[in-house]
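One structure is given below, encoded as structure tokens.
We use all heavy atoms of the structure for the numbers below, so side chains are in, but hydrogens, waters and symmetry mates are not.
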2 protein chains.
Amino acid sequence: MATIKEVAKQAGVSVATVSRVLNETGYVHEDTRAKVNQAIQHLHYTPNEVARSLFKRKSKLIGLLLPDITNPYFPELARGVEDRMQESNYRLIFGNSDEDEHKERDYIQTFVQNNVVGVISSTNDPNAVSYSKLKIPVVFLDRTSDDKPSVFADGREGGRIAAQEMVRRGSRGIVIQRGPQQVRPAQDRFLGAMEVLESAPGVTVDIMQNASFSYNEAVQGAKELFEKFPQTDGIIASNDIAGAALLHEALRLNKRIPEDVQIIGFDDIPLSSLVYPPLSTIRQPAYEMGREAAELLIQFIENNLVAQHKIQLPVSFMERGTTRKVD
Amino acid sequence: MATIKEVAKQAGVSVATVSRVLNETGYVHEDTRAKVNQAIQHLHYTPNEVARSLFKRKSKLIGLLLPDITNPYFPELARGVEDRMQESNYRLIFGNSDEDEHKERDYIQTFVQNNVVGVISSTNDPNAVSYSKLKIPVVFLDRTSDDKPSVFADGREGGRIAAQEMVRRGSRGIVIQRGPQQVRPAQDRFLGAMEVLESAPGVTVDIMQNASFSYNEAVQGAKELFEKFPQTDGIIASNDIAGAALLHEALRLNKRIPEDVQIIGFDDIPLSSLVYPPLSTIRQPAYEMGREAAELLIQFIENNLVAQHKIQLPVSFMERGTTRKVD
DNA sequence: TTGTAAGCGTTATCAA
DNA sequence: TTGATAACGCTTACAA
């Protein structure tokens, strides 16, 4: 790789001048600029970002920490983040945390060692010291804490809507799948659903606990749910994976969907419309959330201040084939 | 962040000595080492990777370029790569290329500018100059070129197996979905399937072209396929997304699966076992492929040479619910 | 309008 | 066994 020195020599000027045309800073004569640009072209020069980063004590790198890219909800977020970052020439250092505190700390540390200028994280503990001691801006994505910048969906409302739709469409023996305890959005949904169901006349509600959001857990959880509550006529799944697993199991048990049992998921991952019947779900605009988080972080980085620190995006009911029609 | 200088001062030694204990290079007295380590602890010092990278002209960063993380096949690859890299303390700069040559070039360039020590890429054109002019090792993942280091699955064999299973299980009017022209593995599968089907007695074969591997395309493609070939009793899908879409459409058209029509997908993404009936498919060990690619790249980086440049992983038939039982 | 030189935080060479 | 110091490639005073 050519260096600024070689460009300078080639163009017959000093490195300072080259730097000036590179960064469009300070005066430089049109003719000199031309000469320099020619040299740059000729040598295929492209500045060493590492040297820049060292001098400026800031890079064009962002740390992105997600629980598990293998869980289909997160790629949407990641893609949203990437697309927005890309537009402003930031690059992503990416890591899977597995919701493991230790891994998170490790990643944060290497982010810092690499001079990242900001971090986007989907963590269960936004108040962890790893974050609060950071001197660079952090945006929490899909997870939130009261005083920290964050982008998330209205889980509580999502839970409410799911419960309302379930009841409105005729289910009376409802099972709520409660997602992992540590995962805030999962608890919000649960609370929202309970809120509605507790006061719904003639409705009985049972609860099943999910320990994680993994595929295996989803499949296992579906089996257990129908063993424990074979009579249920409506299930609010903890997310779409769980919802799909539930649908699968119900079909396997020869239940008619949605006649015998209705199912509502959460997230609206691409898979949801691909299963048959397509899964009714509470949509979270994941891609958009990713973009918004990136946008917010960029504002922090480039302006050092920002109006809106918490961005809550609306959820919506996607009526599909696992819920009954009603007018 | 504390610097090496501060550590040196705190420990009452020179930066050279601190560097020595940091890198375990050269002699250093036990007592001095202790003092230094104490200072490091005390200041929570952690070396600036950017400065290191500048001096050494190499970092602990790897560039990872995938077509689209939103396509459920790629997160598996990515996760495999990440897990292996993580074990050797490499970090990933990640980008989506959308199979766009220009985006790829852009990314490769910034990878270089950031001193990455290696690149893993899933590209349609491993022979592009962007790659061949690189001075750092590149491993191609899921795509291959004759003379370049790569990790991929045996697509040809996959196609053959799919065709054999289809015929063996009784389909006679078979439609092959041919994936995007530029995507090598898609063509390999197609060729493999054709190879078997052309010489299969009593079998008619039709071809449908897929322009891309997107969700929308999959859904649209499924509709078109059944419009054009309503009588087909066996479909070799271009991948699992397409397979799931086909299954969806078949069910919607009240076809019995697998009695009326058999479907075989490719990839074995997690979704495949979640649909109902679960999708029979040709499995590619994506996670393992990711790990292998990482492993290979690390060998290149750390040893500068390597025995095996091309690693082909075996595919296998996953018999599930969209194919008929047979003994 | 341009050039010289210091400095960003490391590592490695050389001398002590 | 340790310390001074140049160098990595860049940007930014400051001087010219």
Side-chain angles (χ1 to χ4, degrees), chain A residues 1-37 39-40 43-61 89 109-117 135-136, chain B residues 1-37 39-40 43-61 89 109-117 135-136:
Chain A
M1 291 293 89
T3 72
I4 199 173
K5 230 182 216 163
E6 303 177 52
V7 175
K9 192 201 268 181
Q10 171 86 209
V13 299
S14 75
V15 295
T17 301
V18 178
S19 178
R20 279 187 206 104
V21 350
L22 241 31
N23 299 287
E24 305 186 350
T25 161
Y27 299 103
V28 32
H29 194 95
E30 263 319 310
D31 299 355
T32 337
R33 182 190 313 281
K35 274 192 302 183
V36 170
N37 280 324
I40 288 177
L43 296 171
H44 298 297
Y45 170 75
T46 144
N48 181 325
E49 284 295 335
V50 176
R52 273 190 171 168
S53 171
L54 179 60
F55 181 86
K56 299 220 200 168
R57 286 212 288 336
K58 50 165 71 172
S59 66
K60 290 295 269 182
L61 261 19
N89 294 310
Q109 193 188 102
T110 59
F111 287 167
V112 174
Q113 291 180 285
N114 283 287
N115 269 183
V116 304
V117 281
K135 289 176 189 64
I136 49 175
Chain B
M1 295 291 90
T3 72
I4 198 174
K5 230 182 217 162
E6 304 174 51
V7 174
K9 192 201 269 181
Q10 172 87 211
V13 300
S14 76
V15 295
T17 302
V18 178
S19 178
R20 278 189 205 100
V21 350
L22 241 31
N23 299 289
E24 305 185 351
T25 161
Y27 299 104
V28 33
H29 193 96
E30 263 318 312
D31 300 354
T32 336
R33 183 190 309 283
K35 275 192 302 180
V36 170
N37 279 325
I40 288 177
L43 295 172
H44 299 296
Y45 169 75
T46 145
N48 182 325
E49 285 296 336
V50 176
R52 277 190 169 168
S53 171
L54 178 59
F55 182 85
K56 300 218 196 167
R57 256 91 113 263
K58 51 166 69 174
S59 65
K60 290 295 270 180
L61 261 18
N89 293 311
Q109 192 188 102
T110 61
F111 287 167
V112 173
Q113 291 180 283
N114 283 285
N115 267 182
V116 305
V117 282
K135 289 176 189 65
I136 48 175

Problem set entry | side-chain N/O A/R57 vs C/dG9 OP1/OP2, d < 4.0 Å | yes
Exercise. Would you say A/S14 reaches C/dT2's phosphate, i.e. side-chain N/O to OP1/OP2 under 4.0 Å?
Worked result: no
Problem set entry | A/N114 versus A/T110, side-chain donor and acceptor atoms under 3.5 Å | no
For this session: Select one nucleotide: of D/dT5, C/dG3, D/dG9, the one nearest the side-chain heavy atoms of B/V15.
Result: D/dT5
Problem set entry | CA sep, side-chain torsions, deciding dist, call: B/V112, A/M1, side chain to side chain contact (heavy atoms under 4.5 Å, CB included) | CA-CA 9 Å; B/V112 173; A/M1 291 293 89; 3.6 Å; yes
For this session: Could you grab the distance from atom CD1 of B/I4 to atom CG of B/N48, nearest 0.5 Å is fine?
Result: 10.5 Å
Problem set entry | Test applied, side chain to side chain contact (heavy atoms under 4.5 Å, CB included); reference residue, B/V21; option that passes from B/N37, B/V13, B/V7 | B/N37
Exercise. Going by heavy atoms closer than 4.0 Å, what residues in residues 2-10 of chain B are next to DNA chain C?
Worked result: B/T3, B/I4
For this session: Might you point out which heavy atoms bring A/V36 and A/A11 nearest each other, and give the distance in Å?
Result: CA-CB, 3.9 Å
Problem set entry | Length of the NZ-P vector between B/K56 and D/dG9, whole Å | 15 Å
Problem set entry | Nucleotide C/dG9, atom C1' - distance to CZ of A/R52 in whole Å | 19 Å
Exercise. What nucleotide, of D/dG3, D/dT11, D/dA7, holds the atom closest to the side chain of B/F55?
Worked result: D/dA7
Seminar exercise, completed: Rounded to whole Å, OH of B/Y45 lies from P of C/dG9 at a distance of 10 Å
For this session: Find the distance between CG (A/L22) and CD1 (A/I40) and round it off to the nearest 0.5 Å.
Result: 5.0 Å
Exercise. Can you tell which of C/dT2, C/dT10, D/dC10 lies closest to the side chain of A/N48?
Worked result: D/dC10
Exercise. To the nearest Å, how far apart are A/R33 CZ and C/dT2 C1'?
Worked result: 13 Å
For this session: Return yes if some donor-acceptor pair links the side-chain N/O of A/S59 with the main-chain N/O of A/S53 below 3.5 Å, else return no.
Result: no
Problem set entry | Options C/dA12, C/dT2, D/dT1, nucleotide nearest the side-chain atoms of B/A16 | C/dA12
Exercise. Got a salt bridge between A/E6 and A/K9, using NZ or NE/NH1/NH2 to carboxylate O under 4.0 Å?
Worked result: no
Exercise. To the nearest angstrom, how far is B/N115 atom CG from D/dC10 atom C1'?
Worked result: 12 Å
For this session: Give the angle between the helix axes at the two ends of the helix from C/dT1-D/dA16 to C/dA16-D/dT1, taking five base pairs at each end and rounding to 10°.
Result: 50°
Exercise. Which residues, if any, of residues 20-27 of chain B bring a heavy atom under 4.0 Å of DNA chain C?
Worked result: B/R20, B/N23
For this session: Given side chain to side chain contact (heavy atoms under 4.5 Å, CB included), test A/R52 with A/N23 step by step and report yes or no.
Result: CA-CA 11 Å; A/R52 273 190 171 168; A/N23 299 287; 3.5 Å; yes
For this session: Assign A/V50 to base, sugar-phosphate, or nothing according to its heavy-atom contacts below 4.0 angstrom with the strands shown.
Result: nothing
For this session: Measure from the side-chain heavy atoms of A/V28 and tell me the nearest of C/dT2, D/dC10, C/dA12.
Result: C/dT2
For this session: Report the distance from atom CG of A/L43 to atom P of D/dG9, rounded to the nearest whole Å.
Result: 14 Å
Problem set entry | OP1 or OP2 of D/dC10 under 4.0 Å from side-chain N/O of A/S19 | no
For this session: To the nearest 0.5 angstrom, please state how far the CG atom of A/L61 sits from the CD atom of A/E49.
Result: 8.5 Å
Problem set entry | Value rounded to 0.5 Å, distance of CD in A/Q109 from NE2 in B/H44 | 11.0 Å
Exercise. For A/T32, which contact category applies under a 4.0 Å heavy-atom criterion: base, sugar-phosphate, or nothing?
Worked result: sugar-phosphate
For this session: Calculate the interatomic distance between B/M1 atom CE and C/dT10 atom P; express it in whole Å.
Result: 11 Å
Seminar exercise, completed: All heavy atoms of A/K5 vs all of A/V15, minimum pair found to be CA-CG1, 3.8 Å
